[in-house]
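Side-chain atoms are counted along with the backbone in the values below, which use heavy atoms only and exclude waters and symmetry mates.
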Amino acid sequence: GCQAMSLAISSDGTAYATSPCGLYRLSSDGSTETQLSSTRFFSRGLAFGPDGNLYASMYMNNAILKIDPSSGAISNYVEGNGLYAPIDLAFTPDGDLLVVSSGSLNILRYHPDLSHEVFIENPGFVQGVKALWPTATGVYVLYSGGAAYFNQDGVGELLVFGSFGG
């Protein structure tokens with residue numbers, strides 16, 4: 001079997017997972033698994049957009065795919081256009097798409113019209129990014145060495161939570 005590489009949960013509780021064996025939909029009670037595509041998904045990022053579609057970062061193809069969750073239809077959303085080895089993605093409350101571009105060591109921001117800019121330039125931990133959590137005022141970034149917060153202008157600070165042992 002193939003192991004899941006990324007997971008996203010829809011508003012109705014349905015889970016979607018990517019793996020090297022394809023794209024799968026899992027019912028909210030876990031009783032039904034449907035393979036939507038046998039396309040090899042080397043994706044570490046999967047997120048629902050404000051339009052209800054599913055988006056997947058394709059590390060090896062330098063692309064973001066747009067997936068209709070009901071039909072499984074797949075199309076390119078962003079290809080090239082600043083992307084180099086995208087690993088994670090998330091949508092901001094205002095509809096912008098944030099993408100961790102590990103090959104360029106930046107976090108990019110794509111607007112709904114697909115214009116884009118570098119949102120966070122080489123923060124020093126892009127290769128180790130584990131998750132992005134956009135908010136109305138900025139984005140939290142969890143990475144292998146800790147966490148950081150960046151405002152809408154890309155100005156950031158490392159977050160420190162308490163201390164161990166003292």
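Of the possible polar contacts, one joining the Asn62 side chain to the Ala85 backbone as a donor-acceptor pair under 3.5 Å is found. Distance alone, capped at 3.5 Å, places no donor-acceptor pair between the Asp153 side chain and the Val155 backbone. Checking side-chain atoms of Gln35 against main-chain N and O of Cys21 turns up a donor-acceptor pair under 3.5 Å. A side-chain donor-acceptor contact under 3.5 Å links Ser57 to the backbone of Gly45.
A distance of 13.5 Å separates CG in Asp88 from OH in Tyr59, rounded to the nearest 0.5 Å.
Taking the six-membered ring for Trp and the full ring otherwise, Phe91 and Tyr55 have centroids separated by under 6.0 Å.
Take Glu117 and apply the salt bridge (Lys or Arg N to Asp or Glu O under 4.0 Å) test, not counting sequence neighbours, and it matches Arg109.
Under the side-chain contact (heavy atoms from CB on, under 4.5 Å) test applied with Val78, the options Val99, Leu65, Leu83 reduce to a single match, Leu83. The residue from Asp96, Leu98, Thr92, Leu108 that alone fulfils the side-chain contact (heavy atoms from CB on, under 4.5 Å) condition with Phe119 is Leu98.
Of all heavy-atom pairs between Pro86 and Ala63, the closest is CG-O, 3.8 Å. Here the closest heavy-atom approach between residue Thr135 and residue Gln152 is recorded as O-NE2, 4.0 Å.
Ring pair Tyr140/Tyr149 is tilted by interplanar angle, where 30° to 60° counts as tilted.
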Just distance, no hydrogens or angles: give the donor-acceptor pairs under 3.5 Å from side chains in residues 66-73, sequence neighbours left out.
residue: Asp68; atom: OD1; partner: Ser70; partner atom: N; Å: 2.8
residue: Asp68; atom: OD1; partner: Ser70; partner atom: OG; Å: 2.7
residue: Asp68; atom: OD1; partner: Ser71; partner atom: N; Å: 3.1
residue: Ser71; atom: OG; partner: Ala73; partner atom: N; Å: 3.1

